[in-house]
Amino acid sequence: MADTKREIERKYESDHSGLPDLTGVAGVAAVIDKGVAQLDATYYDTEDERLAASSITLRRRTGGSDAGWHLKFPVSPGVRDEIQAPLSDSLPATLAGLVRSRIRNAELVPMVRLRSDRDVRDLVDSEGRLLAEASVDAVQAERLSGDGGTAQWTEIEVELADGVDPAFLDKVEKRLKKAGVRPSKSASKVARALAETAPKKLAPRSFEDPVSAGDHVLAYVRAQRDAIVELDPAVRQDAEDSVHSMRVATRRMRSTFKSFGKVLDREVTDPIGDELKWLAGELGVDRDREVLNERLSAALDEIPHTLVSGPIAERVSHWAGDRPGGASGRLIGVLDSHRYLTLLDTLDALLADPPLRKAAGKKPGKVLPKAVKKDFGKVSALVEEALELDPGSDRDVAIHEARKKTKRTRYAAEAATPALGKPAKELVKTMKSLQNLLGEHQDSVMARGTLRELSAVAHAAGESAFTYGLLYGREEQRAAAVEAELPGFWDGVKDATDGL
């Protein structure tokens with residue numbers, strides 16, 4: 001079983017040994033000597049240091065109060081989420097899964113061993129409450145791969161206690177700076193160890209600011225690839241909104257391949273798009289039901305109790321497949337599958353050697369607007385078609401197709417925003433508003449279909465279908481309200497691409 005905690009800390013270096021006097025820090029009533037602990041940690045990574053490249057650390061540590069396996073993900077500067085698992089000889093399966101999107105099929109090997117003598121002080125307030133732990137770490141680093149280089153240094157570390165305002169660390173830092181202590185240049189011990197014990201090699205290639213149309217499109221594709229990889233651990237841990245966010249990233253990338261076919265060769269990107277569609281579908285199995293469950297449950301709560309006939313809430317919950325926390329085994333199986341890992345490798349390969357077409361080398365101001373306007377033209381045709389149709393299934397389909405093309409236009413405008421500026425940014429906002437309006441209509445269509453299914457099940461069980469009919473009627477009213485609003489809304493946005 002793994003536990004997660006938010007770690008907020010700052011690291012410092014000094015030309016002098018020891019910890020400066022911190023009793024003068026505002027709020028600190030006492031500095032309590034907790035003694036010296038001997039820590040021995042082995043850090044794991046792939047041979048090409050994929051975890052280090054993502055600022056992720058994985059270690060097995062003995063000594064101190066929290067011996068065990070520790071996996072740390074960056075959140076923001078000085079803030080990391082640490083997932084802990086009990087000490088064992090081999091890497092726990094839970095932690096192995098959380099790094100799979102980074103390492104794929106590569107082997108994790110011991111990279112660095114850090115042995116530290118940690119001199120610890122507790123900073124407490126007048127009531128004895130722990131505010132932070134300050135320590136001086138004398139570190140010896142040994143590289144366990146390659147030439148086996150070594151390094152040693154001393155650093156000061158201040159870690160905020162749970163529940164304490166992070167602003168307290170600013171007060172400590174002010175005192176440390178007065179004593180001549182400066183912030184560390186390294187984000188973590190293992191980052192410094194890898195840097196100081198590594199054989200000399202060429203610096204990694206950095207991505208320059210986008211210049212051509214191809215540069216802008218690839219920058220957007222790269223951002224979606226990064227989002228998928230970075231969201232993988234959150235999806236496995238069932239973090240809020242993680243499944244939806246990963247699904248959106250897959251859709252953004254697939255949409256970009258379609259919108260910018262003049263930039264990236266679709267003979268190469270279409271098969272990748274098919275795999276992205278598969279992944280989005282797998283992510284949506286639970287998500288779509290979750291969204292509908294929330295909608296139907298909220299609608300049921302709005303109905304007076306006297307109008308609720310039968311076990312409606314229970315049937316909705318059973319239909320949604322409610323489960324007690326944690327990502328479904330089915331979804332974790334998808335993320336562990338050969339097909340998914342191959343897709344990630346394929347995306348890496350595409351970005352390393354992109355299938356650029358002739359337009360990719362042209363100026364973005366000429367290429368990108370054409371693609372965005374082409375997508376918007378499809379939205380326009382579908383909306384105009386929907387407005388001419390009578391209410392019913394044909395109009396429902398036209399509105400749904402318009403919504404999908406609206407999202408595609410929005411994503412194309414997002415990709416073009418760094419190059420085109422305010423006009424593209426405004427189009428993104430407009431398309432998002434239209435998407436939300438059309439999405440409300442589609443959600444109503446889906447909810448009505450579900451209510452028909454649930455009503456039939458209830459009827460077969462001898463239960464009253466009255467409340468299902470009431471909910472159905474309300475959903476019809478919500479859809480009708482969207483259809484009534486759409487003509488006026490569309491009149492205000494149908495010229496939205498004129499500024500591009």
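Both backbone and side-chain heavy atoms feed into the values below; hydrogens, waters and symmetry mates do not. If you're wondering where the values come from, they're calculated on a predicted model, not measured in any experiment.
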N/O donor-acceptor pair under 3.5 Å between Arg80 side chain and Pro74 backbone: no
Flag, side chain of Arg357 to backbone of Gly261, donor-acceptor distance under 3.5 Å: yes
Any donor-acceptor N or O pair under 3.5 Å, side chains Tyr340, Asp232: yes
Ala313 backbone acceptor or donor facing Ser317 side chain under 3.5 Å: no
Criterion side chain to side chain contact (heavy atoms under 4.5 Å, CB included) on Val248 and His244, from CA distance to verdict: CA-CA 6 Å; Val248 169; His244 172 65; 3.6 Å; yes
Nearest non-hydrogen partners of Gln237 and Thr4, listed with the distance: NE2-OG1, 3.6 Å
Aromatic Trp69 / basic Arg59 pairing, under 6.0 angstrom, 45° off normal: no
Pairing of Lys5 and Glu82 as salt bridge, 4.0 angstrom limit: no
Candidate pair Trp319 and Arg289, rule side chain to side chain contact (heavy atoms under 4.5 Å, CB included), full reasoning: CA-CA 8 Å; Trp319 169 84; Arg289 290 206 168 204; 3.6 Å; yes
Gln435: which of Lys407, Arg410, Arg403 passes side chain to side chain donor-acceptor pair (under 3.5 Å): Arg410
Side-chain donor or acceptor of Asp215 paired with backbone N/O of Ser212 under 3.5 Å: yes
Could you pull out all donor-acceptor pairs under 3.5 Å where a side-chain atom in residues 417-430 meets a protein atom, sequence neighbours excluded?
| from | atom 1 | to | atom 2 | distance (Å) |
| --- | --- | --- | --- | --- |
| Thr417 | OG1 | Ala413 | O | 2.7 |
| Thr430 | OG1 | Glu426 | O | 3.0 |

Check ion pair Glu475-Arg448 (N to O, under 4.0 angstrom): no
Salt-bridge criterion met for Lys277 and Glu275 (N-O under 4.0 Å): no
Test side chain to side chain contact (heavy atoms under 4.5 Å, CB included) applied to Ile272 and Leu276, step by step: CA-CA 6 Å; Ile272 302 175; Leu276 290 167; 4.3 Å; yes
Min side-chain heavy-atom separation Met253-Ile228 under 4.5 Å: yes
Side chains of Leu368 and His216 in contact at under 4.5 Å (non-hydrogen atoms): yes
Nearest-0.5 Å distance, OG of residue Ser101 to CG of residue Leu344: 6.5 Å
Spatial distance of atom OG1 (Thr94) from atom CD (Gln84) [nearest 0.5 Å]: 13.5 Å
Interatomic distance, Leu292 atom CG to Ser297 atom OG [nearest 0.5 angstrom]: 10.0 Å
Asp170, CG: over 12 other non-hydrogen atoms inside 6.0 angstrom: yes
Nearest-0.5 Å distance that lies between atom CZ in Arg315 and atom OG in Ser455: 10.5 Å
Non-hydrogen side-chain atoms of Thr250 and Gln224 separated by less than 4.5 Å: no
Atom of Asp165, atom of Leu160 and distance for their closest heavy-atom approach: O-CD1, 3.9 Å
Check: Leu71 and Thr57 side chains under 4.5 Å, non-hydrogen atoms: no
Glu240 atom CD, over 12 foreign heavy atoms within 6.0 Å: no
Sidechain-backbone polar pair: Arg395 side chain, Leu389 backbone, donor-acceptor under 3.5 Å: yes
Pairs where residues 464-500 contributes a residue and the test ring-ring contact (aromatic ring centres under 6.0 Å, His included) is met, not counting sequence neighbours: Phe376-Trp490
Carboxylate-amine/guanidinium contact Arg247 Asp288, below 4.0 Å: yes
For Ser255 against Arg408, the heavy-atom pair lying closest together: OG-CG, 3.1 Å
Side-chain heavy-atom pair His441, Arg478 within 4.5 angstrom cut-off: no
More than 12 heavy atoms from other groups under 6.0 Å of NZ on Lys262: no
Heavy-atom pair with the smallest gap, counting every atom of Leu471 and Leu300: CD2-N, 4.1 Å
Derivation of the side chain to side chain contact (heavy atoms under 4.5 Å, CB included) call for Lys366 and Lys370: CA-CA 7 Å; Lys366 292 185 177 181; Lys370 290 181 181 180; 5.7 Å; no
Any donor-acceptor N/O pair, Thr467 side chain to Leu307 backbone, under 3.5 Å: yes
Arg100 bridged to Asp336 by N-O distance under 4.0 Å: yes
Close side-chain approach of Leu347 to Val221, heavy-atom, < 4.5 Å: no
Any side-chain heavy-atom pair of Thr406 and Leu382 under 4.5 Å: no
Neighbour count above 12 (heavy atom, 6.0 Å) for Lys432 NZ: no
Approximate separation, where rounding is to 0.5 Å, of Glu49 CD and Ile56 CD1: 13.5 Å
Closest non-hydrogen atom pair between Lys11 and Ser186, with its separation: CD-O, 4.4 Å
Lys/Arg-Asp/Glu bridge criterion (N-O < 4.0 Å) met for Glu282, Arg330: yes
Heavy-atom closest contact (Phe260 atom, Ala415 atom, distance): CE1-CB, 4.0 Å
Salt bridge (charged side-chain N to carboxylate O under 4.0 Å, His left out) partners for Asp45, two or more places apart: none
salt_bridge(Asp375, Lys373) N-O dist < 4.0 Å: no
Spacing of Arg192 atom CZ and Ser188 atom OG [to the nearest 0.5 Å]: 11.0 Å
Heavy-atom neighbours of Lys378 NZ exceed 12 at 6.0 Å: yes
Heavy-atom donor-acceptor pair, Arg254 side chain to Gly273 backbone, under 3.5 Å: yes
Pairwise side-chain contact, Ile8 with Val75, heavy-atom cut-off 4.5 Å (strictly under): no
Residue pair Thr342 / Asp345, side-chain donor-acceptor N/O under 3.5 Å: no
Side chain Arg6, main chain Val79, donor-acceptor under 3.5 Å: no
Basic-acidic side-chain contact under 4.0 Å: Glu440, Arg295: yes
